[in-house]
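Residue numbers start from 1 in every chain, and the chains themselves are labelled A, B, ... in the order their sequence lines are given, proteins ahead of strands. Being a predicted model, the structure only gives us computed values, none of them experimental.
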2 protein chains.
Amino acid sequence: MQPADTPHDLRTTPSWLLTQTATHASRIVSTALGTRHARGYHYRLLATLAETGPASQADLSRHSGIDRSDIVATINDLADRDLVHRQPDPNDRRRNIIHITPAGRRELTHLQHALDTAQDTLLAPLDPTDRHELVRLLRRLLTHHEPRD
Amino acid sequence: MQPADTPHDLRTTPSWLLTQTATHASRIVSTALGTRHARGYHYRLLATLAETGPASQADLSRHSGIDRSDIVATINDLADRDLVHRQPDPNDRRRNIIHITPAGRRELTHLQHALDTAQDTLLAPLDPTDRHELVRLLRRLLTHHEPRD
DNA sequence: GGTGTTACGTTGGCTCGGCCAACATTGGTC
DNA sequence: GACCAATGTTGGCCGAGCCAACGTAACACC
């Protein structure tokens with residue numbers, strides 16, 4: 001009934017450490033994005049869009065890793081706030097062409113700033129060397145488990 | 001419209017790397033636990049219980065980090081499978097005393113074995129040194145962001 | 001010895017990220 | 001022209017993490 005410790009099996013299990021730190025990370029990121037009324041998917045889509053230029057929803061899905069069906073809702077949100085435009089592709093009537101608006105671009109940079117400071121809160125206990133080391137290790141894990149990256 | 005790459009902003013953002021690798025980690029862990037019809041909470045609760053010995057639900061909540069309300073459902077599941085017993089505490093009629101059964105203990109070791117091999121698939125691309133390094137960094141992050149550990 | 005505060009178990013509900021199946025519409029191929 | 005593949009969309013599911021509320025029971029203080 002006293003101070004909470006997690007079982008020591010868990011405390012050194014990599015998968016546990018990963019999912020727990022990830023929970024803290026998303027909490028920090030969520031509140032950062034929340035100050036601008038955005039969620040993870042909103043940022044991811046805007047960022048993808050800024051990089052690829054105008055694209056169809058299916059393409060955005062592939063590049064962002066967000067499911068086709070979730071893309072729909074995310075674009076709805078962003079379009080409602082005029083951060084993004086959705087227009088039918090005249091050359092392929094199955095597709096919509098999505099492009100980011102100037103307001104969307106401005107919002108993206110705000111979000112990026114918010115995220116930058118979020119990284120700092122997240123990595124506070126690590127010095128620059130350790131931060132790079134962490135990134136290196138995580139990238140290695142990711143490229144190994146990611147079908148394509 | 002080609003191979004999927006994530007925007008390069010994201011590919012080096014620690015919070016992104018963390019949440020993405022955590023997603024892969026939980027996928028791997030889920031399928032490992034799934035072979036024994038268990039989920040994360042089931043393992044966490046059994047592991048906590050094995051460590052603390054018989055305890056009330058509130059204590060289990062504190063030690064495992066699982067919310068009081070989720071403890072209820074988890075114990076229901078485990079009790080249905082006789083991996084755990086729930087009995088009223090005669091000394092404090094608000095409480096239930098939960099204890100792990102022999103079958104629960106056996107199941108726990110099965111789950112632990114499943115998880116051990118899951119760690120290997122997760123960490124496949126890292127040599128022992130890098131694995132320790134990763135654990136070290138993640139633990140540092142966790143103890144910093146964890147109210148108590 | 002009552003009264004107010006705190007703890008416990010439980011119900012019900014919500015969010016977010018990640019998925020999947022199905023279906024109508026349209027495009028491309030044989 | 002018949003088949004197959006891709007697109008957008010709807011609706012649903014899951015797991016983990018939360019929170020509010022409520023009845024019951026224990027405890028502390030006066």
Side-chain angles (χ1 to χ4, degrees), chain A residues 1-2 10 15-16 18-34 37-45 55-62 64-77 79 86-98 145-147, chain B residues 1-2 10 15-16 18-34 37-45 55-62 64-77 79 86-98 145-147:
Chain A
M1 77 180 52
Q2 280 310 22
L10 284 182
S15 63
W16 164 266
L18 262 178
T19 51
Q20 289 307 299
T21 49
T23 298
H24 287 284
S26 10
R27 196 176 33 76
I28 292 170
V29 163
S30 285
T31 61
L33 295 179
H37 312 100
R39 285 171 305 136
Y41 278 5
H42 297 140
Y43 171 74
R44 268 164 77 175
L45 201 48
S56 73
Q57 300 184 191
D59 289 352
L60 289 175
S61 168
R62 281 183 284 264
S64 66
I66 301 176
D67 190 89
R68 260 156 63 219
S69 61
D70 298 317
I71 291 278
V72 177
T74 308
I75 292 182
N76 288 344
D77 292 347
R86 181 195 258 135
Q87 72 182 196
D89 184 342
N91 299 329
D92 185 342
R93 287 160 49 211
R94 292 172 303 180
R95 297 189 181 187
N96 294 329
I97 300 179
I98 313 299
H145 290 288
E146 207 88 320
Chain B
M1 78 180 52
Q2 282 308 22
L10 284 183
S15 63
W16 166 265
L18 220 38
T19 52
Q20 289 306 300
T21 48
T23 298
H24 287 285
S26 12
R27 197 175 33 76
I28 291 170
V29 164
S30 286
T31 62
L33 295 179
H37 312 100
R39 285 171 304 133
Y41 278 4
H42 297 141
Y43 172 73
R44 269 164 77 176
L45 202 46
S56 74
Q57 301 184 190
D59 288 352
L60 289 174
S61 168
R62 282 183 285 263
S64 67
I66 301 176
D67 191 90
R68 259 157 63 221
S69 61
D70 299 318
I71 290 278
V72 177
T74 307
I75 292 182
N76 288 343
D77 293 347
R86 182 196 258 133
Q87 72 182 196
D89 183 342
N91 300 328
D92 184 342
R93 285 160 50 216
R94 294 172 303 177
R95 299 189 180 185
N96 294 328
I97 300 180
I98 313 298
H145 290 286
E146 208 88 320

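A distance of 6.0 Å separates OG of B:Ser61 from CG of B:Asp67, quoted to the nearest 0.5 Å. We find the CD-OG distance between B:Gln20 and B:Ser15 to be 10.0 Å, quoted to the nearest 0.5 Å. Annotation: the span from A:Leu18 atom CG to A:Thr23 atom OG1 amounts to 10.5 Å, rounded to 0.5 Å. Here the CD atom belonging to A:Gln57 is positioned 9.0 Å from the CG atom belonging to A:Leu45, to the nearest 0.5 angstrom. Note that CG of A:Leu60 and CD1 of A:Ile75 are 5.5 Å apart. Values are rounded to the nearest 0.5 Å.
Atom OH in A:Tyr43 sits about 18 Å away from atom P in C:dC16, given to the nearest Å. Nucleotide D:dC18 holds its P atom 11 Å from the CD1 atom of B:Ile66, rounded to whole Å. Per the geometry, CD1 belonging to B:Ile71 stands 11 Å off P belonging to C:dT10, to the nearest Å. Between B:Arg39 atom CZ and D:dG17 atom P there is a gap of 11 Å when expressed in whole angstrom units. Atom P of nucleotide C:dG18 and atom CD of A:Glu146 are separated by 11 Å, given to the nearest angstrom. When rounded to the nearest whole Å, the span between CG of B:Asn91 and P of C:dC8 equals 15 Å. Here the C1' atom of nucleotide D:dC14 and the CG atom of B:Leu33 are 15 Å apart, to the nearest Å. At whole-Å resolution of the value, CZ in A:Arg27 and P in C:dG17 are 15 Å apart.
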request  = Do nucleotides 5-11 of chain D as a string where each nucleotide becomes B, S or -: B if the base has a protein heavy atom under 4.0 Å, S if just the sugar-phosphate does, - if no protein is that close.
outcome  = -BBBBBB

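Nearer to the 5' terminus of DNA chain C, by closest-nucleotide assignment, is the contact made by A:Ser30 (compared with the other of A:Ser30 and A:Pro90). Sequence order on DNA chain C of the closest nucleotides to A:Tyr41 and A:Arg93 puts A:Tyr41 first from the 5' end. Residue A:Thr23 is the one, among B:Asp89 and A:Thr23, whose nearest nucleotide of DNA chain D lies closer to the 5' end (criterion: closest heavy atom).
Side-chain nitrogen and oxygen atoms of A:Gln20 include at least one within less than 4.0 Å of the OP1 or OP2 phosphate oxygen of D:dG17.
Summarising the geometry of B:Ala25 relative to A:Thr19, their closest heavy-atom pair is CB-CG2, 4.5 Å, with the distance given to 0.1 Å.
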message = Does A:Glu146 form a side-chain hydrogen bond (donor to acceptor under 3.5 Å, both in side chains) with B:His24? I'd like the steps, not just the answer.
response = CA-CA 8 Å; A:Glu146 207 88 320; B:His24 287 285; 2.5 Å; yes

key: Test side-chain contact (heavy atoms from CB on, under 4.5 Å) applied to A:Ile71 and A:Thr74, step by step   = CA-CA 5 Å; A:Ile71 291 278; A:Thr74 308; 5.7 Å; no

request  = Output, in order, the C-alpha distance, side-chain angles, deciding distance and verdict of salt bridge (Lys or Arg N to Asp or Glu O under 4.0 Å) for B:Asp77 and B:Arg39.
outcome  = CA-CA 10 Å; B:Asp77 293 347; B:Arg39 285 171 304 133; 3.1 Å; yes

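An end-to-end axis angle of 10° holds for the helix from C:dG1-D:dC30 to C:dC30-D:dG1, taken from five base pairs per end and rounded to 10°.
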